[in-house]
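Report on the structure given below.
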Amino acid sequence: MTNKYRTHNCNELRKEHIGNDVILSGWINKKRDHGNLLFIDLRDNYGVTQCIIDKENSNFGELEKIQLETVIRVDGKVVNRSNETINKEIKTGEIEVVIKKFKVLGTCKELPLPVFSDQEYAEEIRLKYRFLDLRRKKIHENIILRSKVISFIRNQMNKLGFLEFQTPILTSSSPEGARDFLVPSRLNPGKFYALPQAPQQFKQLIMVSGFDKYFQIAPCFRDEDARADRSPGEFYQLDLEMSFVEQEDIFNVVEKLLVNTFKEFSNKKLLFNKFPRITYNEAMLKYGSDKPDLRNPLIINDITEIFSRDDVTFEIFKKLVKSGSIVRCIVTKNTKDKPRSFFDNIDKWAKEQGASGLAYFTIEKELSGKGPVGKFFSKESLKEIMRLTGAEVGDSIFLACSKKKELEKITSLARDKIAQDLDLIDNEIFAFCWVVDYPMFEKDEMTNKIEFSHNPFSMPQGEINKINFEKPLDILAYQYDIVCNGIELSSGAIRNHIPELMYKLFSIAGYSKEIVDKKFSGMINALSYGAPPHGGIAPGIDRIVMLLANEKNIREVTMFPMNQNAQDLMMNAPSDVNEKQLKELNISLKSKK
RNA sequence: GGGGGUGUAGCUCAGUUGGUUAGAGCGAUCGCCUGUCACGCGAUAGGUCGAGGGUUCGAGUCCCUUCACUCCCGCCA
């Protein structure tokens with residue numbers, strides 16, 4: 001493409017263009033002023049070209065004074081660079097452009113943050129001047145990567161026969177799940193739309209409508225507090241749903257899609273090409289979490305039974321076990337020679353996490369326990385611990401004792417912490433897994449109430465007429481997550497498409513038929529008019545790109561993110577609105593600060 | 001809502017046990033320099049030390065309150 005702004009982009013010129021007259025446009029990335037000779041690195045989206053001008057040219061003085069990041073057009077001639085001045089760092093490094101004339105296309109004030117720099121800046125200033133921040137190399141490349149990943153995924157989905165549909169952004173609030181973003185309705189005073197937390201019900205309705213395979217790069221909105229891997233406000237999912245499928249069919253599609261995507265966009269190795277499947281219960285026991293980082297080789301073991309032995313004299317734990325606590329441990333291989341400080345630091349760290357600390361001892365030759373609590377264990381009991389955990393002489397054992405939920409939390413954190421301290425995690429791999437067989441219900445520890453543990457629309461496992469509804473906590477669901485390197489990437493399920501069964505499950509969680517009919521009228525109604533068995537999943541796009549870009553923070557792969565308080569510092573959102581707007585919406589504010 | 005960290009020049013940071021006029025690099029402005037690619041050299045400007053209060057002869061430094069950003073917990077079917 002040639003127009004009045006450019007004949008080539010800033011990453012295009014090579015040796016074969018030497019002698020050509022060219023026009024380039026871009027930003028002044030860097031100037032090197034030798035007084036009578038000036039180098040200008042001209043940058044655009046594609047790359048950098050060195051341009052040069054000397055005092056002979058009447059434009060020299062003017063160009064010499066121009067600010068960095070000014071946008072200019074350069075007319076010049078491509079010339080050879082002598083061998084010793086070739087720059088191998090840039091693609092255009094064998095040539096340079098001798099400037100004949102130039103024109104300022106966009107002036108630039110003094111910069112609040114430098115563009116040409118690898119320094120890190122406070123997020124506040126980066127977000128306020130996001131348009132400058134986005135010019136910087138690393139994040140510019142992240143955003144381009146994001147575009148390519150999305151386009152690759154879309155392409156794959158099309159090839160697999162999925163149809164892409166849009167679903168409403170203004171929809172209804174749902175009683176389950178996260179807090180909704182609400183939008184007041186002008187035409188229906190006092191009523192509100194909600195932004196969708198996910199197109200969950202719509203994609204099921206698409207299946208009921210007979211479209212068979214659907215996908216969408218779907219914006220999802222949840223009004224929850226931010227984390228490093230969770231933007232406040234909005235995020236994107238590859239939302240997909242298929243009819244006439246079993247869990248296995250979904251697994252096949254998504255596993256292939258993710259393997260292809262990760263192989264296409266990263267050089268890191270995949271630890272498993274076939275994702276291992278871990279049941280929810282197994283994950284909670286062995287990793288203390290339903291999003292285990294499988295790069296970490298440490299495993300948690302339950303050794304509660306040891307503390308009912310007479311030859312174990314660890315009275316504090318024994319007493320707690322008697323009152324219903326359990327004991328779990330983490331074995332570290334061959335750590336007998338680690339300094340005392342290694343162990344004490346972990347204990348100290350655990351106390352900072354709010355636990356009562358982590359007890360530890362090392363198994364010595366002759367089967368004796370060394371360390372603060374080692375003396376409480378007899379030779380026979382150590383043998384039994386070794387049998388239960390696979391520990392060997394020279395290994396150390398970290399123990400914690402508590403109620404189940406609390407224990408899972410601290411052992412999970414300890415597993416990460418100890419692995420980090422021992423440098424056990426290989427950063428150059430992706431370790432995917434499926435977490436399967438989620439329980440349909442769980443008991444709220446505070447209220448003792450039975451609640452849905454995940455998605456109320458999931459299909460319970462087993463023959464429908466054989467499900468024992470008397471023991472709801474034993475009912476498993478066709479509900480599954482994909483986890484990669486300890487990050488939850490996707491959540492999905494085979495859906496319950498049978499209204500009678502849905503009423504039954506909702507009644508267990510304390511919802512009457514009337515409430516279900518009211519809250520989920522669209523869904524329930526649709527399912528009573530010939531619904532196909534169906535299921536789906538929704539991998540998180542932002543997190544996928546975050547992993548591929550090797551970033552720890554989701555804002556590094558989001559073009560215009562909000563800050564932790566859900567404010568857009570560049571656009572000043574959220575903002576006040578005027579009285580007229582409020583009046584139209586039938587809204588009055590309680591108080592104004 | 002709770003806990004941790006951070007806050008000093010436009011940007012990134014240093015600032016000792018409380019002690020004279022708060023420093024450096026980058027950037028800006030001015031000057032010198034024809035082969036740099038983080039060009040080099042010299043000079044100048046630029047500060048309510050996040051804000052408020054307190055202790056003290058004296059506070060960037062100690063104490064209290066508060067604000068902002070960030071990380072974590074809660075929350076996230």
Among [options], which nucleotide sits nearest the side chain of [X]?
X: Asn87(A); options: C30(B), A28(B), C37(B); answer: C37(B)
X: Thr85(A); options: C71(B), U36(B), C11(B); answer: U36(B)
X: Arg230(A); options: C75(B), A38(B), C11(B); answer: C75(B)
X: Arg555(A); options: A28(B), U70(B), C39(B); answer: U70(B)
X: Asn563(A); options: G27(B), C37(B), C69(B); answer: C69(B)

Looking at [X] and [Y], would you say the former's side chain and the latter's main chain have a donor-acceptor pair under 3.5 Å?
X: Lys77(A); Y: Gly19(A); answer: yes
X: Lys203(A); Y: Asp239(A); answer: no
X: Asn565(A); Y: Gln567(A); answer: no

What does [X] touch in the nucleic acid at a heavy-atom separation under 4.0 angstrom: a base, only the sugar-phosphate, or nothing?
X: Glu120(A); value: sugar-phosphate
X: Lys55(A); value: nothing
X: Gln67(A); value: sugar-phosphate
X: Asp229(A); value: nothing

Does [X] place a side-chain N or O at less than 4.0 Å from the phosphate oxygens OP1/OP2 of [N]?
X: Lys65(A); N: U29(B); answer: no
X: Asn565(A); N: C69(B); answer: yes
X: Arg32(A); N: U36(B); answer: no
X: Lys31(A); N: G40(B); answer: no
X: Asn29(A); N: C37(B); answer: no
X: Arg227(A); N: G74(B); answer: no
X: Gln567(A); N: C69(B); answer: yes

Within this structure, what is the [atom1]-to-[atom2] distance between [X] and [N], rounded to whole angstrom?
X: Arg543(A); N: C76(B); atom1: CZ; atom2: P; result: 14 Å
X: Ile86(A); N: C37(B); atom1: CD1; atom2: C1'; result: 13 Å
X: Lys409(A); N: G3(B); atom1: NZ; atom2: C1'; result: 11 Å
X: Leu111(A); N: A28(B); atom1: CG; atom2: P; result: 8 Å
X: Asn553(A); N: G5(B); atom1: CG; atom2: P; result: 20 Å
X: Asp225(A); N: C76(B); atom1: CG; atom2: P; result: 11 Å
X: Glu124(A); N: C11(B); atom1: CD; atom2: P; result: 10 Å

ask   = Should the pair Phe181(A) and Phe221(A) be assigned to parallel (<30°), tilted (30 to 60°) or perpendicular (>60°) ring geometry?
value = perpendicular

ask   = Relative to the ring of Phe452(A), is the ring of Tyr511(A) parallel (under 30°), tilted (30 to 60°) or perpendicular (over 60°)?
value = tilted

Distance-only donor-acceptor test (3.5 Å): side chain [X], base [N]:
X: Arg222(A); N: C75(B); answer: no
X: Gln50(A); N: U36(B); answer: yes
X: Glu96(A); N: G35(B); answer: yes

message = Could you check whether Tyr438(A) and Tyr478(A) have their ring centres less than 6.0 Å apart?
response = no

ask   = Does Asp41(A) or Leu127(A) map to a spot on RNA chain B nearer the 5' end, using the closest nucleotide for each?
value = Asp41(A)

